[in-house]
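Beneath this line is the structure, given in structure tokens, with notes to follow.
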Amino acid sequence: MLAVVVLVGAQWGDEGKGKVTDFLAARADIVVRYQGGNNAGHTVVVGEEEFKLHLIPSGILHADKTCVIANGVVIDPAVLVAEIEELQRRGVKMARLLISERAHLILPYHRLQDAAEENRKENGRIGTTGRGIGPAYMDKAARTGIRMVDLLDAGTLCRRLAENVAFKNSLFGRVYGTEGVSLEELHRACLQYAEKLGRYVTDTGVVLHQAISEGKNVLFEGAQGTLLDIDHGTYPFVTSSNPTAGAACVGAGVGPRVINTVMGIAKAYTTRVGGGPFPTELHDGLGEEIRTRGREFGTTTGRPRRCGWFDAVIARYAVRINGLDYLCITKLDVLTGIPVLKICRAYRHQGEEIADFPASLRMLGECEPVYEELPGWQEEISGARRVEDLPENARRYIARLSELAGAPVAMIGVGTRREQTIVCHSVF
Ligand code: IMP
């Protein structure tokens, strides 16, 4: 069956999208990143090797897949060049990497501005990844951004860099009271990036259109997660792009009708990095245990992730906002051995139960999770390859998550390796 599939995070990011993308990439012809930048981090384990990817789609680890970094992504050229060179050093071929001409660049002044903004906020810090993502999208919206196509055009690059650096340096000096950047150094670095990246840059919208018309399998790989969406997430504690499914169209230049299937990835529990409310957060030893067992430390920043119970209110919200056809539940093995598992089925606010995710952060902060309890399982499940291999309590847990979220489960992850995946329904 030929298909165009969008994968999105159904929680606050870090749901294990990298592994699922890598798994599904085996059946895809093209894998596409459509938003975010190197704030994302995917850990993919292939055989004995572990790869950490930030910008290049995980499909690159399959030799014959075309990997597209589409227009909606913000690209730090220094990071991309380093990632390409590191992968090449480890024997991964880059022949099929394509970068959109329309993708915007993250430059050093964006990283400085990200840090300066966070410092300025004191109590209201977002806890960004510090990669310059927000300021790069700010410049995109302000129409002062520099795109890949400009990087390759020496005259435009020189002019736009001069204008931007002059403005940013005055911002750093006069508003933030910090050091700026050197125009000459940045210009020199950009010419090198152009030299190294130019061969990959193309009109990726044309390539995707062609592939879809020919009936190829295309996988859109979302970064971050629904609750970090700038429109639908826990604003202002969100990222600066739309990690939700609708953004795949805008971020890659395809129409909504080409998409056949949308799958949301959710952990069997919940995690969050950075600031902002998190109703089912565990502040006790169990939260610590899940963090250790699930290796819940950021791929990008190494920060410990906050851990808590599965929240069906946000899962249901993700099903609605993304139009999820299926859920993929990851890291089920991390819950093995916990005697009683809790699932948040609703929130209680001022004595009343609410089933929908509130927009007001104040209200969200006042919400108490309403839990139901299910018995856990003791059996090792990392060798399970079919649903029938799972202990009954694990199956009941998955069935209840699915029922409360309102979407069928297509895949279940039971370990970090590619093959530690149970497929209940094939999307390709
Ligand atoms: P930014 O995307 O670096 O601006 O960070 C904004 C918020 O999104 C912070 O809370 C980050 O921790 C969070 N964030 C950004 N990217 C990721 C991700 O890939 N996984 C999880 N959280 C992320």
Side-chain angles (χ1 to χ4, degrees), residues 4-9 13 17-18 21 28 30-42 53-60 66-77 79-80 83 97-107 110 114 128-129 131-151 197 200-209 211-212 218-226 228-233 238-259 262 264-265 300 321-323:
V4 178
V5 176
V6 180
L7 285 188
V8 292
K17 294 179 293 294
T21 305
I30 306 191
V31 186
V32 187
R33 273 280 309 265
Y34 58 88
Q35 47 70 230
N38 59 309
N39 46 350
H42 288 160
L53 301 168
H54 295 283
L55 268 170
I56 299 178
S58 322
I60 203 75
T66 298
C67 287
V68 172
I69 303 179
N71 57 280
V73 177
V74 283
I75 300 175
D76 186 328
V79 171
L80 182 55
E83 197 161 305
L97 175 67
L98 300 175
I99 304 168
S100 169
E101 307 174 303
R102 292 178 170 84
H104 279 246
L105 298 184
I106 302 180
L107 293 170
H110 292 126
D114 198 349
T128 71
T129 59
R131 301 301 190 259
I133 308 294
Y137 279 116
M138 278 161 69
D139 283 2
K140 176 176 176 176
R143 287 148 296 174
T144 56
I146 298 181
R147 301 179 300 165
M148 268 294 164
V149 71
D150 307 321
L151 180 73
L197 297 176
Y200 305 108
V201 178
T202 188
D203 189 337
T204 52
V206 171
V207 175
L208 286 174
H209 179 78
I212 293 168
V218 182
L219 182 63
F220 288 92
E221 170 188 7
Q224 291 86 45
T226 301
L228 289 172
D229 187 283
I230 190 156
D231 284 83
H232 304 289
V238 292
T239 192
S240 301
S241 67
N242 293 105
T244 41
C249 298
V250 183
V254 300
R257 294 201 309 204
V258 304
I259 293 166
V262 185
I265 322 293
T300 301
I321 297 294
N322 296 291

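Computed over heavy atoms, backbone and side chain alike; hydrogens, waters and symmetry mates excluded.
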(request) Any chance you could measure Ile146, atom CD1, to His104, atom NE2, to the nearest 0.5 Å? (result) 10.0 Å
(message) Quiz question: by atom type and distance under 3.5 Å, do the side chains of Asp139 and His110 form a donor-acceptor pair?
(response) yes
(request) Please check if the side chain of Thr244 supplies one atom and the backbone of Gly246 the other of a donor-acceptor pair under 3.5 Å. (result) no
(request) Please answer whether the main-chain N or O of Gly36 pairs with a side-chain N or O of Tyr137 as donor and acceptor at a distance below 3.5 Å. (result) yes
(request) Check the side chains of Asn242 and Gln35 for a donor-acceptor pair under 3.5 angstrom, ignoring hydrogens and angles. (result) no
(request) Answer yes or no: is there a donor N or O on one side and an acceptor on the other, between the side chain of Asp229 and the main chain of Thr226, under 3.5 Å? (result) no
(request) Look up atom CG in Asp76 and atom CG in Leu55, then write down how far apart they are to the nearest 0.5 Å. (result) 7.5 Å
(message) If you define the side chain from C-beta out and look only at heavy atoms, does anything of Ile106 sit under 4.5 Å from Asn38?
(response) yes
(message) Quick one: does any side-chain atom of Asn322 pair with a main-chain N or O of Leu7 as donor and acceptor, under 3.5 Å?
(response) no
(message) Just verifying a value: how many Å separate Ser241 OG and Lys140 NZ, rounded to the nearest 0.5 Å?
(response) 9.0 Å
(request) Would you mind reporting whether Thr21 and Pro57 have side-chain heavy atoms less than 4.5 Å apart? (result) no
(message) Do Thr128 and Asn39 have side chains that approach each other closer than 4.5 Å (heavy atoms only, starting at C-beta)?
(response) no
(request) Check step by step if side-chain contact (heavy atoms from CB on, under 4.5 Å) holds for Ser100 and Val73. (result) CA-CA 9 Å; Ser100 169; Val73 177; over 6 Å; no
(request) Identify the heavy atoms of Leu97 and Tyr200 that sit nearest to each other, and give their distance. (result) O-CD2, 3.4 Å
(request) Rounded to the nearest 0.5 Å, what's the gap from CD on Glu83 to NE2 on His54? Could you check? (result) 6.5 Å
(request) Please report the closest heavy-atom contact between Ala252 and Ala70, naming both atoms and the distance. (result) CA-CB, 3.8 Å
(message) Looking at every non-hydrogen atom in both residues, tell me the closest pair between Pro243 and Ala223 and how far apart they are.
(response) CB-O, 3.1 Å
(message) Any non-hydrogen side-chain atom of Leu107 less than 4.5 Å from a side-chain atom of Pro77?
(response) yes
(message) Testing the basics here: between Ser240 and Gly134, what is the closest heavy-atom pair and its distance to 0.1 Å?
(response) OG-CA, 3.1 Å
(request) Go through the steps for Val201 and Val149 under the test side-chain contact (heavy atoms from CB on, under 4.5 Å), then give the verdict. (result) CA-CA 8 Å; Val201 178; Val149 71; 5.8 Å; no
(request) With rounding to the nearest 0.5 Å, note down the distance linking NE2 in His42 to CG in Leu53. (result) 8.0 Å
(message) Please report the interatomic distance CG(Leu105) to CG(Leu197), rounded to the nearest 0.5 Å.
(response) 9.0 Å
(message) If you apply the rule side-chain contact (heavy atoms from CB on, under 4.5 Å), what do you find for Ile56 with Arg33, and how did you get there?
(response) CA-CA 8 Å; Ile56 299 178; Arg33 273 280 309 265; over 6 Å; no
(message) Closer than 3.5 angstrom, by distance alone: can the side chain of Lys17 be matched with the main-chain N or O of Gln224 as a donor-acceptor pair?
(response) yes
(request) I would like to know whether Ile69 and Leu80 meet side-chain contact (heavy atoms from CB on, under 4.5 Å); could you show each step before the answer? (result) CA-CA 10 Å; Ile69 303 179; Leu80 182 55; 3.9 Å; yes
(request) For Ala103 and Ile75, work out which heavy atoms get closest and say how close. (result) CB-CD1, 3.7 Å
(request) Could you pull out the closest heavy-atom pair between Pro256 and Cys249, with the gap in Å? (result) CA-SG, 3.4 Å
